[in-house]
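What you see below is based on every heavy atom in this structure, not just the backbone, and it leaves out hydrogens, waters and symmetry mates. We name chains A, B, ... by the order of the sequence lines, and we start the count at 1 in each one. Since this is a predicted model, take the numbers as computed values, not measurements.
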Protein chains: 2
Amino acid sequence: MSGKKVPDMDMARSLALLWGSHTKPGRSGLTVRAIVEAAIGIADAEGLDALSMRHVAERLGVGTMSLYTHVPGKTELTDLMIDAAYGELYRDVDEPSAQPDGWRGALEFVAARNWDLYRRHPWMLQLVTPRPVLGPNASLKYEAELRPLDGIGLSDVEMDSVLALVLTHVEGTARVRAGLDQIEQATGMNETEWWLASAPVLDKVMDASRFPVASRVGTAAGQEHQGASDPAHALAFGLARILDGVADLIAGR
Amino acid sequence: MSGKKVPDMDMARSLALLWGSHTKPGRSGLTVRAIVEAAIGIADAEGLDALSMRHVAERLGVGTMSLYTHVPGKTELTDLMIDAAYGELYRDVDEPSAQPDGWRGALEFVAARNWDLYRRHPWMLQLVTPRPVLGPNASLKYEAELRPLDGIGLSDVEMDSVLALVLTHVEGTARVRAGLDQIEQATGMNETEWWLASAPVLDKVMDASRFPVASRVGTAAGQEHQGASDPAHALAFGLARILDGVADLIAGR
DNA sequence: TAGTGCTTCCGTACGTTGTACCGTACGTAA
DNA sequence: TTACGTACGGTACAACGTACGGAAGCACTA
């Protein structure tokens, strides 16, 4: 009952790290910023599984334990990585609301930007936590993505719900996309090749007599997407349905 | 260039395990089924992080390496866990299509069942891979969930897309829910307590002068949900919008 | 019944991981 | 020049998945 961590302390420490300006480099040039950049480089190139403190230290030409002088632990490092990545999203806070085609065009833009971000940094999908990382870029992201929804007939709570819905959809489809990429990299077999190779197995599994609808639809969808799933198509299709539903909500006022 | 695994071999082995009837217990009573059940018990109670081969063996009163006689490795074990969990979903293949209120009621039922499944087995959210686990229960799930969408004016590909959209939405919101539970268990602080405690920090982060919309909407949503997010509300709100959008698609024919 | 062989069981060991602990060595201020 | 504080990093520990090889029990045949 006593080994419990005190969240306040951790949070204060994380916040100081996230918001603290760049500390001066020590005698070996080691900086929080440099550590974060090295970590992101590794995660981008080799995946989150390859991200170890030893690996980061090695890339920086530094002893492993030296990292702990600047960063409390791996958890805080990943928080810093996430906030740094959020910084890539928008040029300025009005970029989404400046898009053409009103709130619909803006949400499509937001979806595309988040999708691209996840494609560049697929490791983010393994690190996202329900409680937001309260870094300097998270607030800006939230403001930028909310502005186009202001004054179109939604309540404040609805604005938040609509944005969350779109972001959850993008995250879900991006996760599938990232998973496919990871499998392809691991096995050297892309989705289409896999689908073609496992067609006979799928036919047996999807027994047409026991599962008539599944076998028919599965075959049609497989042919269309040349694989078990097509995340890019799912993103577009789902977003269109969601935005139609939001339009209904607004029109119902 | 030679250490690459041959997917076909792995797949054949996995399929044999998934579909193979229960092998007879050896001289210590060890069975694939028993191993899977023990693993699920651990993952349910202590989370996926606590699921180790040593732990499973300990629970069964068996040497760690004995497990490898019955299961090739941890990856295959988790595949078996997932398929076993899918078996809990539906009483029979017509349960979703027998729901009242047509395709809409059926999809709401499907969403609720998947949501409940993820609440019972939150570890599934950390294991789901884009390529389906081709076990005996996956096909049944697919058929059961597709049937209510048959003959309502959607093409085959659209049926698959609509189902995938709903399932992705449920998975995304359930992931948030599971994340909150995990944090609460780790810190002993529930979402509302955390939100109340970090209100001053949030006020500073969401500077009302720089981020007027974010601070206003964030406050409203926070008050409404008594926390940074409310997955159950997000599930219902999002599903309503999605189903409205699907209705538009059908009506547009 | 004795022998033979196959399968099941499992102890040991290796290479990983995050990080606690503590000694060393350097840059800066007095 | 001396002294202090901080940055650096070597070693060590517990936990992980699992390769390897020995030991032991069961089902057969002779």
K.L.:
What integer distance in Å separates B/L67:CG from D/dC16:C1'?
P.N.:
14 Å
K.L.:
Are A/S66 and D/dG9 close enough that a side-chain N or O sits under 4.0 Å from OP1 or OP2?
P.N.:
yes
K.L.:
Can you name the closest pair of heavy atoms from B/M81 and B/A43 and give their distance?
P.N.:
CE-CB, 3.9 Å
K.L.:
Of the listed nucleotides (D/dC8, D/dT18, C/dG18), which one gets closest to any side-chain atom of A/K74?
P.N.:
C/dG18
K.L.:
So what does A/L51 hit on the nucleic acid, given a heavy-atom distance under 4.0 Å: a base, only sugar-phosphate, or nothing?
P.N.:
sugar-phosphate
K.L.:
Report the distance from atom OH of B/Y68 to atom C1' of C/dT12, rounded to the nearest whole Å.
P.N.:
15 Å
K.L.:
Counting the atoms with a prime plus P, OP1 and OP2 as sugar-phosphate, which does B/S52 contact under 4.0 Å by heavy atoms, base, sugar-phosphate, or nothing?
P.N.:
sugar-phosphate
K.L.:
Any donor-acceptor pair under 3.5 Å linking the side chain of A/R113 with the backbone of A/L89?
P.N.:
yes
K.L.:
Using whole Å, report how far CD1 of A/I35 lies from P of D/dC8.
P.N.:
8 Å
K.L.:
Check every atom of D/dG9, D/dC8, C/dT8 against the side chain of A/H70 and return the nucleotide holding the closest atom.
P.N.:
D/dC8
K.L.:
Would you mind reading off the distance between A/D49 atom CG and D/dC16 atom C1', rounded to a whole angstrom?
P.N.:
13 Å
K.L.:
Counting only N and O atoms by type, is there a donor-acceptor contact under 3.5 Å from the side chain of B/W19 to the main-chain atoms of B/L134?
P.N.:
yes
K.L.:
Check whether any side-chain heavy atom of B/E184 sits under 4.5 Å from a side-chain heavy atom of B/W194, and report yes or no.
P.N.:
no
K.L.:
In terms of side-chain heavy atoms of B/M53, which of D/dG17, C/dT8, D/dG9 is nearest?
P.N.:
D/dG17
K.L.:
Salt bridge or not for A/R210 and B/E143, using N-O below 4.0 Å?
P.N.:
no
K.L.:
Which heavy atom in A/E76 sits nearest to a heavy atom in A/L17, and how many Å separate them?
P.N.:
CB-CD1, 4.2 Å
K.L.:
What does nucleotides 20-27 of chain D look like as a protein-contact string, B for base, S for sugar-phosphate only, - for none, at under 4.0 angstrom between heavy atoms?
P.N.:
B---BS--
K.L.:
Whole angstrom is fine here: how far is it from CZ in B/R54 over to P in C/dC14?
P.N.:
14 Å
K.L.:
Can you check the A/L77 CG to C/dT19 C1' distance for me, whole Å?
P.N.:
14 Å
K.L.:
How many whole angstroms separate atom NE2 of B/H55 from atom P of D/dA14?
P.N.:
18 Å
K.L.:
Is it true that a side-chain atom of A/S139 and a backbone atom of B/V205 form a donor plus acceptor pair closer than 3.5 Å?
P.N.:
yes
